[in-house]
Amino acid sequence: MENNNKQLMLGNKAVARGLFEAGVCFISSYPGTPSTEITEEAAKYDEIYCEWAPNEKVAMEAAFGASLAGRRSFCGQKHVGLNVASDPLYTMSYTGVNAGMVIGVADDAGMHSSQNEQDSRHHAIAAKVPMLEPSDSAEALEFTKLAFELSEQFDTPVLIKMCTRVAHSQSVVEPGERVVPDKPYVKDIAKYVMMPGNAKKRHPIVEERTKALTEYAETSPLNRVEMGGTKIGIITSSTCYQYVKEVFGDTVSVLKLGIANPLPERLIRDFAAKVDRLVVVEELDPIIETHVRALGLKVEGKNILPMIDEFSQNLIAKAFGEEVPATCSIEDAIPPRPPVMCAGCPHRGLFYTLRKNNCTVLGDIGCYTLGAVQPLGAIELTLCMGASIGAVHGFNKIRGEESEGKTVAVIGDSTFMHSGMTGLANVAYNQSNSTVIILDNSITGMTGHQQNPTTGYNIKGDPAGKIDLEALCRAMGFERVRVVDPYDLDQCDTVLKEELAAKAPSVIISRRPCALLKYVKHRPPLTVDTDKCIGCKSCMRVGCPAISIKEGKAHIDNTLCVGCGVCSQLCRFGALQDA
């Protein structure tokens with residue numbers, strides 16, 4: 001595909017374009033906001049094989065295998081996904097690569113869709129691999145292409161670090177042409193078999209590589225000095241560079257670092273010597289500031305800027321004592337809009353049943369985490385992908401009869417495939433009286449409806465291998481495996497009570513497709529018989545956004561209601577009826 005016209009692109013789409021132009025042939029990723037669109041956009045190029053892997057560790061290992069085979073590869077994930085993939089990453093640093101391999105990681109400062117706001121630069125430093133950090137879409141494309149050249153030049157995987165603002169903002173890029181390098185596979189046991197004897201010999205190579213990369217960083221065009229006024233010199237990177245330029249323009253001097261690891265030394269010393277006051281502007285942890293301080297330089301940073309949340313132009317201006325422009329105010333108070341499960345969400349009925357039975361519910365990562373929100377208020381723990389099953393086992397082993405019959409784990413189908421199976425194996429193997437509920441909505445819902453190994457379709461929507469959850473759970477040692485329809489409250493209640501009373505490891509599969517899937521056909525919206533409605537608000541207990549109270553009576557929003565009928569099962573007076 002040739003397209004030399006300048007165009008606006010999302011940062012993630014620009015990375016995908018960079019992958020295409022760099023001749024990447026293999027991409028394996030796990031969806032996670034704000035990284036998901038990189039792989040989704042790359043999948044639109046027929047020349048690139050793309051897949052969703054069960055988790056980030058598997059994705060990175062698959063991408064490494066493709067690199068080993070001699071073709072450029074890519075693996076994408078969000079920041080917490082890199083935790084999962086860190087096991088192969090840290091050893092890949094020792095083995096090096098064959099064809100170029102680039103790893104995309106997208107940080108989520110501000111926690112728009114994450115359980116923490118960790119700084120992925122720590123992984124690059126600890127793994128001793130280079131990390132590039134673009135600040136707009138044009139750099140996202142160019143840095144991605146250059147990352148593959150560096151990967152092959154220095155025999156190392158290379159990290160590309162995005163952040164929410166760069167990933168999901170648009171700027172001008174100029175697409176180029178695709179070039180596909182090809183490297184033969186050569187058997188090399190000493191390089192790729194990381195038994196202790198070989199690994200010991202590879203470690204010195206890693207340290208020498210770091211020295212070479214540091215020297216490269218001193219003169220690389222990815223790091224550049226923009227001299228302006230010399231009263232203040234700012235060292236910055238990523239989206240913070242954009243904020244600094246918008247606030248100060250050319251009134252300050254800027255050292256923009258496109259290489260987040262390793263950081264240069266002479267370049268920073270030379271820049272510091274040209275300015276009166278040296279300040280580092282970086283989101284989250286003081287990685288650059290600590291490096292500059294270690295060089296013996298007087299520097300400011302986190303003494304005037306926070307270590308939490310996203311930065312903004314106004315935040316930076318205020319930190320430097322600059323005048324912050326007045327913003328428009330809205331006189332009328334705007335009511336808050338807390339996140340809520342969608343109308344017709346299949347998880348709602350199951351969470352209502354758990355709450356009604358006073359269960360202690362250990363949750364997991366997914367849109368169903370909203371089961372913690374009132375009025376359901378069902379979930380009491382959310383830690384990381386797959387943790388619900390491991391946690392319920394430990395909880396029940398310790399609490400014993402006090403918790404047995406009351407404590408359950410809930411986990412989505414995609415999250416279960418990601419990292420729930422090993423926890424389930426632990427329940428079966430070490431025999432805790434734990435009930436695990438798999439919320440099977442037939443899709444990866446939280447990140448925008450990506451396929452997973454339980455759906456039967458691949459990233460392009462073509463038929464693919466489909467895992468049978470019931471058969472899998474039985475094969476893992478569970479004799480008690482039940483399937484319920486979460487729209488049927490009586491069935492959910494009966495099965496839940498039976499499994500909690502069984503005093504044996506059990507699995508309940510709550511199966512109903514996500515209400516937002518295009519192929520799901522909805523029933524007509526329910527209607528309210530105002531003569532029968534007494535305004536008791538029992539229907540409000542499920543927290544459906546389609547239900548409200550107006551003039552003392554239940555009201556159904558026809559634009560939201562999907563006719564699931566969960567609310568009508570709560571009405572003792574038959575006021576909620578089919579159309």
Side-chain angles (χ1 to χ4, degrees), residues 32-34 36 78 80 107-117 163-165 167-169 239 283-284 306-315 318 324-352 354-356 361 363-383 410 412 439 441 445-449 514-516 525-526 528 533 535-562 564 566-567 570 576:
T33 306
T36 307
K78 67 184 296 177
V80 286
D107 282 10
D108 189 17
M111 293 181 283
H112 298 282
S113 183
S114 304
Q115 68 267 42
N116 69 33
E117 51 181 356
C163 68
T164 302
R165 293 303 169 196
H168 290 162
S169 63
T239 189
E283 287 181 338
L284 301 182
M307 290 183 63
I308 61 174
D309 215 339
E310 288 183 304
F311 287 3
S312 67
Q313 295 90 330
N314 286 352
L315 183 148
K318 186 176 180 180
V324 177
T327 57
C328 297
S329 61
I330 300 174
E331 295 179 359
D332 296 333
I334 299 176
R337 295 185 63 188
V340 64
M341 287 186 290
C342 306
C345 176
H347 307 322
R348 180 173 282 106
L350 195 282
F351 281 129
Y352 171 79
L354 291 168
R355 175 68 179 267
K356 188 180 85 167
V361 182
D364 226 292
I365 304 296
C367 51
Y368 50 89
T369 306
L370 292 170
V373 178
Q374 295 297 338
L376 294 169
I379 289 181
E380 301 177 38
L381 168 79
T382 298
L383 185 62
V410 295
L439 305 172
N441 66 347
M446 180 174 63
T447 49
H449 288 173
C514 173
L516 299 184
L526 299 182
V528 178
C533 179
C536 68
K537 301 182 182 179
S538 291
C539 55
M540 299 289 288
R541 287 182 290 170
V542 291
C544 178
I547 309 172
S548 59
I549 300 294
K550 292 187 177 181
E551 299 178 354
K553 303 283 186 177
H555 174 77
I556 301 292
D557 186 336
N558 291 338
T559 64
L560 294 177
C561 180
V562 299
C564 70
V566 170
C567 61
L570 303 181
L576 301 172

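Just so it is clear, the structure is predicted and the values come from calculations on it, not from any experiment. Count residues from 1 along the sequence.
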**Report entry** Over 12 non-hydrogen atoms of neighbours within 6.0 angstrom of NZ in K553
**Finding:** yes
Query - Shortest non-hydrogen contact from M341 toward C345 - result: SD-SG, 3.8 Å
**Report entry** Any side-chain heavy-atom pair of V528 and L576 under 4.5 Å
**Finding:** yes
Query raised in the report: Does F351 reach the side chain of V410, with side-chain heavy atoms less than 4.5 Å apart?
Result: yes
Query raised in the report: What pairs with H555 under side chain to side chain donor-acceptor pair (under 3.5 Å), at least two apart in sequence or on another chain?
Result: none
Report task. Apply the test side-chain contact (heavy atoms from CB on, under 4.5 Å) to residues Q115 and T382: give CA-CA distance (whole Å), side-chain angles for both, the deciding distance (0.1 Å), then the verdict. Result -> CA-CA 8 Å; Q115 68 267 42; T382 298; 5.8 Å; no
Query - Residue list, side chain to side chain donor-acceptor pair (under 3.5 Å) with Q313, at least two apart or on another chain - result: E246
Query raised in the report: Say you draw a straight line from CG of D108 to OG of S113; how long is it, rounded to the nearest 0.5 Å?
Result: 6.5 Å
Requested in this report: Kindly say whether V566 contributes a backbone atom to a donor-acceptor pair with the side chain of R348 at under 3.5 angstrom?
Outcome: no
Report task. Kindly determine whether L570 and Y352 satisfy side-chain contact (heavy atoms from CB on, under 4.5 Å), including the steps that lead there. Result -> CA-CA 10 Å; L570 303 181; Y352 171 79; 3.3 Å; yes
Query - Results of side chain to side chain donor-acceptor pair (under 3.5 Å) for D557 - residues two or more places apart only - result: T559
Query - Side-chain touch L439/H347, heavy atoms, less than 4.5 angstrom - result: yes
Query raised in the report: Rounded to the nearest 0.5 Å, how far does CD of E310 lie from CD of E283?
Result: 6.0 Å
Distance-only criterion, 3.5 Å: show the donor-acceptor pairs between side-chain atoms of residues 366-377 and protein atoms not counting sequence neighbours.
unit_1	atom_1	unit_2	atom_2	d
Y368	OH	I365	O	2.9
Y368	OH	G412	N	2.9
Y368	OH	T415	OG1	3.3
T369	OG1	D364	O	2.7
T369	OG1	G366	N	3.3
T369	OG1	G366	O	2.8

Query raised in the report: Any side-chain heavy-atom pair from C514 and H449 closer than 4.5 angstrom?
Result: yes
Report task. Could you please spell out the steps behind the side-chain contact (heavy atoms from CB on, under 4.5 Å) verdict for S312 and L315? Result -> CA-CA 5 Å; S312 67; L315 183 148; 3.4 Å; yes
Requested in this report: Side-chain contact test, heavy atoms from C-beta onward, threshold under 4.5 Å: evaluate it for P525 versus V562 and give yes or no.
Outcome: no
Query raised in the report: Within the distance-only criterion (no hydrogens, no angle test), does the side chain of D107 pair as donor or acceptor with the backbone N or O of C163 below 3.5 angstrom?
Result: no
Report task. Not counting sequence neighbours, which residues clear side chain to side chain donor-acceptor pair (under 3.5 Å) with T33? List them please. Result -> none
**Report entry** Closest heavy-atom pair and its distance - C533, A554
**Finding:** SG-N, 3.3 Å
Just distance, no hydrogens or angles: give the donor-acceptor pairs under 3.5 Å from side chains in residues 536-550, sequence neighbours left out.
unit_1	atom_1	unit_2	atom_2	d
R541	NE	S538	O	3.2

Report task. Could you tell me the separation between the OG1 atom of T164 and the NZ atom of K78, rounded to the nearest 0.5 Å? Result -> 8.0 Å
Report task. Indicate the atoms forming the closest heavy-atom contact of A515 with A343, along with that distance. Result -> CB-O, 3.9 Å
Requested in this report: Could you tell me whether a side-chain N or O of S114 sits under 3.5 Å from a main-chain N or O of E117, the two making a donor and an acceptor?
Outcome: no
